[in-house]
*Asks:* 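Attaching a single structure in structure tokens format; questions to follow.
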There are 2 protein chains.
Amino acid sequence: MLDLAILGLLQESDLHGYEIRRRLRDSLGLMANISFGSLYPALARLEAQGAVSAIEPGMAPVTGVAMGSLSGELAALRARRSKVVVAKKARKVYRITPLGRELFTRLLEDPSAGDDPRTFTLRLSFARHLAPDVRRALLERRRAQLVERLSEVRSATARNDLDVYARAVVEHTAAGVALDIAWLDGLIAHEGAPQHTSPQSPTAGDTMSSASTSPQG
Amino acid sequence: MLDLAILGLLQESDLHGYEIRRRLRDSLGLMANISFGSLYPALARLEAQGAVSAIEPGMAPVTGVAMGSLSGELAALRARRSKVVVAKKARKVYRITPLGRELFTRLLEDPSAGDDPRTFTLRLSFARHLAPDVRRALLERRRAQLVERLSEVRSATARNDLDVYARAVVEHTAAGVALDIAWLDGLIAHEGAPQHTSPQSPTAGDTMSSASTSPQG
DNA sequence: CCATCACTATATCGCTTCGATACTGCGGTG
DNA sequence: CACCGCAGTATCGAAGCGATATAGTGATGG
């Protein structure tokens with residue numbers, strides 16, 4: 001799961017660990033603070049597989065891509081005024097390999113490679129890399145899962161041995177799942193409608209929001 | 001986290017592993033299928049701590065509590081017609097100890113013992129065991145967390161480098177968090193209103209539902 | 001009549017993830 | 001210049017997960 005996230009980010013630019021974490025937090029906006037205890041082992045794993053390769057520190061061109069927006073820009077500013085060349089510390093910058101790109105595609109498309117909510121959210125975030133039919137299949141699959149889950153939760157709602165609080169929880173859960181389904185329906189409708197290449201189709205634009213798919217609370 | 005769930009269920013009746021799992025699934029309605037790879041180690045852990053004790057198979061009175069609603073009732077039926085005494089197999093029935101009750105209270109009340117969404121959901125499900133002020137504190141604490149999270153996600157929404165899909169995800173996430181907050185507000189209001197012992201206060205009843213706190217999708 | 005299926009039930013293995021913690025290098029501030 | 005705090009990498013132990021093994025039992029059906 002982390003592998004998918006990492007490869008997806010590296011797809012766009014070379015990054016070092018810390019920055020990957022930051023982007024996971026606020027570019028993807030989801031995936032509440034992945035811990036380093038997960039991140040670094042994941043990077044090591046991917047490197048061992050040959051899916052990413054580490055650009056040795058010092059070799060990395062200091063200009064641009066590799067640095068975090070915040071730290072990078074500040075460092076650049078400082079460099080300009082204090083005329084000290086910002087010799088980057090022990091940063092290990094990672095770059096995706098062709099093999100990594102293959103792996104990314106596989107993780108993104110193969111349903112058997114994880115089907116939990118987190119993975120779905122991640123896949124959807126990267127859905128621009130998917131062919132329209134695969135994308136649609138992804139949405140439909142998820143929808144089916146949610147429909148099943150909804151009926152389970154609804155049956156729990158029907159129980160009469162629940163006190164106020166337990167009941168509040170299950171009802172809230174059910175409502176959440178229902179809204180997720182509605183949201184997916186919106187997305188599916190968008191997929192189905194003939195795709196204009198023009199950025200904004202007239203009816204599009206506000207069907208794209210609703211409730212929580214559950215990428216963390 | 002599992003510990004809290006297990007102790008909470010054992011609070012009401014003695015149970016064996018399989019049945020704990022079932023109740024987690026459909027009594028609590030949440031906590032999508034806890035795997036046995038988590039459950040049995042957790043039970044072993046609790047037993048080692050002296051928080052639960054295993055009633056040896058055969059010693060357990062076959063009448064009632066220990067069996068699952070389904071299997072139990074069916075087994076009873078069958079026993080009646082086939083007059084074979086259903087000598088229960090290798091079932092290990094667990095019972096909570098006084099020390100376990102202490103641990104339960106601690107896990108339920110101490111915020112430092114886990115503050116992830118799953119744990120919150122669990123705590124709320126067991127909120128009838130909490131004193132009103134502690135209960136309220138629990139809700140307020142969670143609300144504060146969600147408010148912070150919302151502002152984070154909203155700032156992600158403001159980014160302009162997101163494609164349609166990534167944007168859809170973050171917006172959906174934001175909407176979900178907002179609804180969670182609204183739901184909590186409802187619950188808090190209920191807590192605040194002078195508590196009648198009578199089951200239904202006039203204005204109560206439909207404020208208790210909204211969106212997903214995120215006990216799984 | 002027995003094979004097979006589906007379900008209850010316990011248990012373990014290897015892997016991923018998490019939370020805590022430790023360490024270093026550097027720039028800014030008192 | 002001493003110290004604080006942040007950027008950054010790294011590791012450890014515990015917790016949870018998914019797959020898998022094992023075994024007893026009632027029901028289904030050729």
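Labels below follow one simple rule: chain letters A, B, ... track the order of the sequence lines, proteins then strands, and each chain is numbered from 1. In this text, all values refer to a predicted model and were calculated from it rather than measured experimentally.
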*Asks:* Are R128(A) and E12(A) ion-paired here, with the side-chain N under 4.0 Å from a carboxylate O?
*Replies:*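 E12(A) and R128(A): salt-bridged.
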*Asks:* Just compare dT8(C), dA10(D), dA15(D) and give me whichever is closest to any side-chain atom of Y18(B).
*Replies:*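 Per side-chain heavy atoms of Y18(B), the pick is dT8(C).
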*Asks:* Is it the case that over 12 heavy atoms from other parts of the model lie below 6.0 angstrom from the CD atom of E148(B)?
*Replies:*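 Result for CD/E148(B): open.
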*Asks:* To the nearest Å, give me how far apart CG (L107(B)) and P (dA15(D)) are.
*Replies:*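 Interatomic distance, CG of L107(B) to P of dA15(D): 11 Å.
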*Asks:* Starting at atom CZ of R21(A), determine the distance to atom P of dT17(C), rounded to an integer number of angstrom.
*Replies:*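 Checked: the CZ to P distance equals 15 Å.
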*Asks:* Send over the distance from D115(A) CG to dA19(D) C1', rounded to a whole Å.
*Replies:*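 Taking CG of D115(A) and C1' of dA19(D), I get 14 Å after rounding.
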*Asks:* Rounded off to whole Å, could you give me the NE2-to-C1' distance for the H16(A) and dA7(D) pair?
*Replies:*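 In whole Å, dA7(D) C1' lies 9 Å from H16(A) NE2.
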*Asks:* Nearest to the side chain of M1(A), heavy atoms from C-beta on, is which of dT10(C), dT17(C), dT9(D)?
*Replies:*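 The nucleotide sitting nearest to the side chain is dT17(C).
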*Asks:* In Å and rounded to the nearest 0.5 Å, what is the CZ to CG distance from R142(A) to L187(A)?
*Replies:*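 One finds 12.0 Å between CZ of R142(A) and CG of L187(A).
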*Asks:* Rounded to the nearest 0.5 Å, how far apart are CD1 of I6(A) and CG of L43(A)?
*Replies:*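 Separation between the atoms: 4.5 Å.
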*Asks:* How many angstroms lie between CG in L107(B) and CZ in R123(B), if you round to the nearest 0.5 Å?
*Replies:*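 It is 7.5 Å, given to the nearest 0.5 Å.
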*Asks:* To the nearest Å, give me how far apart CG (L15(A)) and P (dA7(D)) are.
*Replies:*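 The answer, rounded to whole Å, is 16 Å.
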*Asks:* Between atom CG in L39(B) and atom P in dT10(C), what is the gap in whole Å?
*Replies:*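 So the two atoms are 9 Å apart, to the nearest Å.
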*Asks:* Rounded to whole Å, how long is the line connecting atom CD1 of I20(B) with atom C1' of dT10(C)?
*Replies:*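 Between C1' of dT10(C) and CD1 of I20(B): 12 Å.
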*Asks:* Nearest-Å distance, OH (Y40(A)) to P (dC12(D))?
*Replies:*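 Going from Y40(A) (OH) to dC12(D) (P), I get 16 Å.
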*Asks:* Ignoring backbone atoms, establish whether R118(B) has a side-chain N or O less than 4.0 Å from OP1 or OP2 of dC18(C).
*Replies:*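 For dC18(C), OP1/OP2 do not have a side-chain N/O of R118(B) under 4.0 Å.
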*Asks:* Counting any heavy atom closer than 4.0 Å, what does I34(B) reach on the DNA or RNA strands: base, sugar-phosphate only, or nothing?
*Replies:*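 Result for I34(B) = sugar-phosphate.
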*Asks:* So which protein nitrogen or oxygen atoms get under 3.5 Å of nucleotides 19-21 of chain C's nitrogens or oxygens?
*Replies:*
residue	atom	partner	partner atom	Å
dG19(C)	N7	S35(A)	OG	3.4

*Asks:* Just by distance, do the side chain of T119(A) and the backbone of D115(A) share a donor-acceptor pair under 3.5 Å?
*Replies:*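 Looks like no, no N/O pair under 3.5 Å.
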*Asks:* Would L150(A) and R154(A) count as a side chain to side chain contact (heavy atoms under 4.5 Å, CB included) if you check the C-alpha gap in whole Å, the side-chain angles of each, and the deciding distance to 0.1 Å?
*Replies:* CA-CA 6 Å; L150(A) 182 58; R154(A) 284 234 193 283; 4.0 Å; yes
*Asks:* Using heavy-atom distances to pick each residue's nearest nucleotide on DNA chain C, tell me which of A42(A) and Y94(B) is more 5'.
*Replies:*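 First, find each residue's nearest nucleotide; the 5'-ward one identifies Y94(B).
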